[in-house]
Amino acid sequence: MKLLVVGGGGREHAIIKKLRENPSVETIYALPGNGGIAADAECVHSIGAKDIEKIVDFAKGHGIDFAVVAPDDPLALGCVDRLHAVGIPCFGPDAKAARIEASKVFSKNLMKKYGIPTARYEVFDDPAKALAYLRTASFPIVVKADGLALGKGVLIPQNLAEAEAAVKSIMEDKAFGDSGNEIVVEEFLTGPEVSVLAFTDGTAIAPMVSSMDHKRAGDGDTGLNTGGMGTVAPNPCYTPEIAQVCMETIFLPTLAAMRAEGCPFKGCLYFGLMLTPDGPKVIEYNCRFGDPETQVVLPLLKTDLLTVMQAVEAETLADLTVEWSDGSAACVILASGGYPGNYEKGKEITLLAGLPENVTVYHAGDRLDGGKLLTSGGRVLGVTAVGPDLRAALKDAYAAAEVIQFEGKYMRTDIGQRALAAMEV
Ligand code: AMP
Ligand code: GLY
């Protein structure tokens, strides 16, 4: 079979490595891929993940049997709709279903209409009305841009002055472009956060192993929000009892709501949950695999990934048992010094060879130049180790992360510590 994967980060590398395990896979094309992905797939760097027409032409011209659209932008732009229109089976939601991530107003209204637990909220398209509301609100409060904003469109003002600055930045200065035409202002929730990714064909659902992201740049969850500095799986806060509650009050009602709205969701649905004192609530939905959650979740998948994805597309997921290993996985992101602010690129990456068998390096931001791998992004590598338990996985991930070198390499040193602490209480 010939497969096509749209995207070029660590998440896509993890998907590609897993797809490779299926013996019927001959070729995988990655559009655009990256330097490290080139070892596992044929990368077409000239076609970006948002070049929908070029992606469709490429798929038609290369006899693609199955396509996986991984990032949010092409999903929201209708890449899956277009591939389906030319007869190519795909994994991923169509544009209508992708609104569950692409519009926070859509997802908040969906949850309100169908009684799915989430933070109380108001929607504003007029900055004056938003400000009038904020003058009566209690703090902290949460201000979110409606549209896609690279995970950065969420601000948590601690007082009225910060709230006024947040509204000005999103709605007037358009810090996130048209994503900020509307905002959601919502109640500040507290409790441990859990990411649950789930395969779904619109009706049946197979939740994956739970995980925990580390979004802030600095140790102790300080500093700026990033795309994610590391992950662990499973998340010890997510007990079987909580999983049952989530299935009944969140997962199945969300699928039913999407069907009732005429946009059944097929693909990977990501539930960003907060385990509040009042029970689990939805912080956000994503219409895709998380990055870097995928880098700890897929290594624990025992069932063949392509088989699962094909069952999602064929809407036969209910007939398949999706199995997971009992162990743990940890991923430590190696970033370019300065990220998520300004950073330098073009630094040579060395000492990637000879790592132990339970360690996999997923490439997120690098390119090949005359046989050398050079850094080309903020998040450069995700170093994942699997082990019998979280402590073992973390030890091996950090040992490998210490060995790999590039100038300016930066990593958090406390990935997994909160999870370990949660296991002790
Ligand atoms: P989001 O992009 O919606 O996942 O938000 C990014 C981060 O902001 C989340 O991972 C939470 O840590 C935080 N956050 C978002 N919404 C809330 C909320 N209602 N209460 C508390 N924290 C929140
Ligand atoms: N790691 C969070 C996300 O993928 O949105």
Side-chain angles (χ1 to χ4, degrees), residues 7 9-12 14-15 70-73 75-76 98 100-108 111 117-122 137-158 163 166 170 176 179-180 183-197 208 210-217 221-233 235 237 267-278 280-298 331 333 335 340 362 364 378-379 382 412 415 418:
R11 161 184 58 201
E12 287 76 13
I15 291 170
D72 47 7
D73 280 318
L75 291 167
I100 200 164
E101 170 171 6
S103 169
K104 295 214 188 268
V105 174
F106 173 84
S107 66
K108 292 298 292 192
M111 288 186 270
T118 188
R120 283 194 303 272
Y121 72 102
E122 300 287 337
S138 50
F139 293 93
I141 201 160
V142 184
V143 179
K144 300 184 174 185
D146 171 54
L148 298 176
L150 295 170
K152 297 183 184 124
V154 177
L155 300 172
I156 306 190
Q158 301 293 326
I170 298 179
F176 310 107
S179 286
I183 59 168
V184 171
V185 177
E186 69 177 33
E187 169 197 15
F188 179 77
L189 300 176
T190 54
E193 284 186 58
V194 180
S195 306
V196 180
L197 286 59
M208 305 186 209
S210 62
S211 54
M212 183 190 286
D213 195 2
H214 297 68
K215 284 193 174 137
R216 299 295 197 95
D221 296 322
T222 55
L224 294 173
N225 252 324
T226 70
M229 292 301 295
T231 36
V232 298
N235 183 328
C237 304
C268 171
L269 184 52
Y270 169 133
F271 300 88
L273 305 172
M274 197 171 269
L275 308 181
T276 78
D278 300 329
K281 295 192 179 176
V282 177
I283 289 284
E284 64 162 347
Y285 295 109
N286 290 323
C287 66
R288 51 174 176 83
F289 284 97
D291 190 338
E293 285 88 345
T294 308
Q295 292 90 312
V296 287
V297 167
L298 287 188
C331 175
I333 297 291
Y362 298 113
R379 291 189 296 172
R412 272 182 66 163
I415 301 303
R418 243 178 328 118

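Order of appearance sets the numbers: ligands from 1, and atoms from 1 within every ligand.
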Run the contact test for Tyr270 against ligand 2 with a 4.0 Å cut-off on heavy atoms, strictly below, and give the result.
yes

Check Glu193 against ligand 1 and report side chain, backbone, both or neither, counting heavy atoms closer than 4.0 Å.
side chain

Does any non-hydrogen side-chain atom of Glu193 lie less than 4.5 Å from one of Cys237?
no

If you measure every N or O of Lys215 against every N or O of ligand 2, does any of those distances drop under 3.5 Å?
no

Main chain of Ile415, side chain of His214: is a donor-acceptor contact present, judged purely on distance under 3.5 Å?
no

Under 4.0 Å from ligand 2, counting heavy atoms only, is it the side chain of Arg11, its backbone, both or neither?
neither

For the ring pair Tyr285 and Phe271, is the centre-to-centre distance below 6.0 Å?
yes

Residue selection (non-hydrogen contact nearest atom 15 (C) of ligand 1) among Lys144, Arg216, Glu284:
Lys144

Side-chain H-bond candidate by donor/acceptor type, Asp146 with Ser103, under 3.5 Å
yes

Within a strict 4.5 Å, meaning less than it, do heavy atoms of the Ser179 and Ile170 side chains meet?
no

Could you tell me whether the side chain of Ser211 and the main chain of Val232 form a donor-acceptor pair under 3.5 Å?
no

Counting from 1, what ligand 1 atoms have a heavy atom of Phe188 closer than 4.0 Å?
20 (N), 21 (C)

Ligand-residue contact atoms, ligand 1 with Lys215, heavy atoms, under 4.0 Å:
4 (O), 10 (O)

At a 4.0 Å threshold, what atoms of ligand 2 neighbour a non-hydrogen atom of Glu293?
1 (N), 2 (C), 4 (O)

What about Ala119: any of its N or O atoms under 3.5 Å from an N or O on ligand 1?
no

Ligand 1 atoms nearer than 4.0 angstrom to some heavy atom of Glu186 are 16 (N), 17 (C), 18 (C), 19 (N)

In terms of heavy-atom contacts, Leu75 and Cys287 come closest through CD1-O, 3.6 Å

protein heavy-atom neighbour closest to atom 5 (O) of ligand 2 works out as Arg288 NH2, 2.9 Å

Which bit of Val142 gets closer than 4.0 Å to ligand 1, counting heavy atoms only: side chain, backbone, both or neither?
side chain

Touching ligand 2 at all, Gly228? Heavy atoms, strictly under 4.0 Å?
no

Taking NZ, NE, NH1 and NH2 as the nitrogens, is one of them in Glu284 or Lys144 under 4.0 Å from a carboxylate oxygen of the other?
no

For the pair Asp221 and Arg412, find out whether any cationic side-chain nitrogen is under 4.0 Å from an anionic carboxylate oxygen.
yes

In terms of heavy-atom contacts, Pro140 and Gln158 come closest through CB-OE1, 3.7 Å

Do Arg120 and Glu186 make a side-chain contact, defined as non-hydrogen atoms from C-beta onward lying under 4.5 Å apart?
no

Can you find a non-hydrogen atom of Gly227 under 4.0 Å from ligand 2?
yes

The answer for which part of Gln295 has a heavy atom under 4.0 Å from ligand 2 is neither

Check the pair Ile100, Leu269 against side-chain contact (heavy atoms from CB on, under 4.5 Å), reporting the backbone distance first and the verdict last.
CA-CA 9 Å; Ile100 200 164; Leu269 184 52; 4.1 Å; yes

With atoms numbered from 1 as shown, which atoms in ligand 2 lie under 4.0 angstrom from a non-hydrogen atom of Gly290?
4 (O)

What I want to know is whether Asn286 and ligand 2 share at least one N or O pair that is separated by under 3.5 angstrom.
yes

Taking only heavy atoms of Asp213, which atoms of ligand 2 are found under 4.0 Å from at least one of them?
1 (N), 2 (C)

Counting heavy atoms only, which part of Thr231 comes closer than 4.0 Å to ligand 2: side chain, backbone, both or neither?
neither

